[in-house]
2 protein chains.
Amino acid sequence: MGRTAHSRKPDSSEPPRPRTAAAKPAQSPPPAPAPKRRLSASDRRREIVAKSIEYFAKVGFEGGTRELARHLGTTQPLLYRYFPNKDALIQEIYKVVYLDQWKASWDHLLTDASRPLRARLQIFYEDYTDAILNPQWMRIYFFAGLKGVSINERYLALVEERILSRILREFQRECGLVPPERLDPHDLEIAWHLQGGIFYYGVRRFVYRTPVHLPKSAMITDALDVFFAGYRSVLDRRRDAPAKA
Amino acid sequence: MGRTAHSRKPDSSEPPRPRTAAAKPAQSPPPAPAPKRRLSASDRRREIVAKSIEYFAKVGFEGGTRELARHLGTTQPLLYRYFPNKDALIQEIYKVVYLDQWKASWDHLLTDASRPLRARLQIFYEDYTDAILNPQWMRIYFFAGLKGVSINERYLALVEERILSRILREFQRECGLVPPERLDPHDLEIAWHLQGGIFYYGVRRFVYRTPVHLPKSAMITDALDVFFAGYRSVLDRRRDAPAKA
DNA sequence: TGTTGTATTTATCGATCGATAACAAGCAGG
DNA sequence: CCTGCTTGTTATCGATCGATAAATACAACA
């Protein structure tokens, strides 16, 4: 209990507080570039979420709220005006990162029978991996998964339903087969292998920061080449020996 | 400063301390099963490492030393007699988990030209994945990777050198080709895709605890089927159009 | 059986964490 | 300008963290 009342007397120990953020040498009073203090509630909330994603993706969810506030350019208790506690903020991050990413156009692209599947998948995976194969998404994904958050399971279910099942059905249709109501577990795992192989490329690049040997789109091309020829051959062999007990 | 001298008087408030661990109903005084307190230095150190792997794999490296000690059945300061600080213990865990896992027999298996590669890879991957596709190994692996530990990069280099390069060279040899000194980056990424797809099966099962559709060995069979047919077709196509600028 | 060395525990420190209360500053409608 | 609501800050609490020092329990040897 050293100092009694604080009261922050505005004496002349500091310059008049530039009122934006850091010390900007030239004058740039209110225009546009860095509209700092006194945001509206919704703007501030958005900014907290956005910067929190950056911050937690870097250091993990064990990162402190004080350092997070510093990264935001504000003070720590301000966070608690917008979120009741740290975990509520984290939940919000999950929602934004996981579920607000799916583009409606992908649904159409994956099921558009007017173009060959091979071309559609090339476009889809190049676009889809733009959304998830980046340090932020991947690191949040793994931090959450290791914490045992149920939202990860939901995400995997979404991948299987919206991506993998459709790929398999479209593939079989192109082979002249009629896809069964429930997909063969072997086929599902083969599709997961495709997805996982592409995903692991992102792990190597963005989680482990290891040099890779090809740019993303070339990797996708090769992965799809192998998948198309390989899965085709599996289907052929299955047709030749249908009832192999 | 409540109680002054503690002194732990051996009064009759407890039974005479079974001296092993928990309450074992029957008598089993010193033989072998659970030799608890007063371990030799090397035994204690080994046990600390082993139980720490379990503990940190469960909760991550942010887990507290007190709870770790509880999991060990000892007290927290004891850890600091065997490791100068928490990070030294973690480094030891990395070493044990990452580098003391490679079996010498795998080297031979992967390069043994007297058997078809397909059969060798089936055996290798079933054995190799026994070692790494389990909750402990995978979770330690990801916790470490997200912390940015350099040992992960070393591990990836080891995988590429000891597994993937050999697979590619053996594959090409079986196709009647002579493997180049430096492998084609496309081939390396195709091999990484195989590895990553198998690995991601483990991620789904043991990190995200999601149900999978096939047991491990069936998944390996399918993955190798697709890889062999798919990579073969890639090599064929490359031979037919060698100088495709 | 007493001595001695080591394994183990009790008690505690300083730093840091999430969270809260109380206060100050910005911005609108009169 | 003043008044009142909202945004933002200062100061601080209690819990918990990693780590250390001092005291104690155990075991082997004399």
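The chains referred to below are lettered A, B, ... by the order of the sequence lines, with proteins before strands, and numbering in each begins at 1.
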> In residues 75-88 of chain A, which ones come under 4.0 Å of DNA chain D, going by heavy atoms?
Replying inline: A/Thr75, A/Pro77, A/Leu78, A/Arg81, A/Tyr82

>> What is the distance, to the nearest angstrom, from the CG atom on A/Leu68 to the C1' atom on C/dT16?
In response: 16 Å

>> Run the side-chain hydrogen bond (donor to acceptor under 3.5 Å, both in side chains) test against A/Asn134 and tell me which residues pass, sequence neighbours left out.
In response: none

>> Whole angstroms only, please: what is the CG-C1' distance between A/Leu39 and D/dT9?
In response: 15 Å

>> Which residues pass the side chain to side chain contact (heavy atoms under 4.5 Å, CB included) test with B/Phe206, not counting sequence neighbours?
In response: B/Leu133, B/Pro135, B/Met138

>> Check this for me: does the side-chain of A/Arg38 come within 3.5 Å of the base of D/dT6 through a donor and an acceptor?
In response: yes

>> Tell me whether the side-chain N or O atoms of A/Arg66 pair up with the base of C/dG18 as donor and acceptor below 3.5 Å, since no angle test is needed here.
In response: yes

> Under 30°, 30 to 60°, or over 60°: which ring-plane class applies to B/Tyr94 and B/Tyr98, parallel, tilted or perpendicular?
Replying inline: perpendicular

>> Quick check on the 6.0 Å ring-centre criterion: do A/Trp106 and A/Phe124 meet it?
In response: yes

> Parallel, tilted or perpendicular for B/Phe61 and B/Phe56, by the 30°/60° rule?
Replying inline: tilted

> Which nucleotide sits closest to the side chain of A/Thr74: D/dG18, D/dT9, D/dT7?
Replying inline: D/dT9

>> Can you measure A/Tyr55 atom OH to C/dG18 atom P for me and round it to whole angstrom units?
In response: 8 Å

> B/Leu89 CG to D/dC17 P: how many Å, rounded?
Replying inline: 16 Å

> Within this structure, what is the CZ-to-P distance between A/Arg70 and C/dC17, rounded to whole angstrom?
Replying inline: 9 Å

> Taking CZ from A/Arg46 and P from D/dT7, how many angstroms apart are they, rounded to a whole number?
Replying inline: 14 Å

> Is there a side-chain contact between A/Gln101 and A/Ile132 (heavy atoms, below 4.5 Å)?
Replying inline: no

> Atom CD of B/Glu62 and atom P of C/dT16: how far apart are they, to the nearest Å?
Replying inline: 15 Å

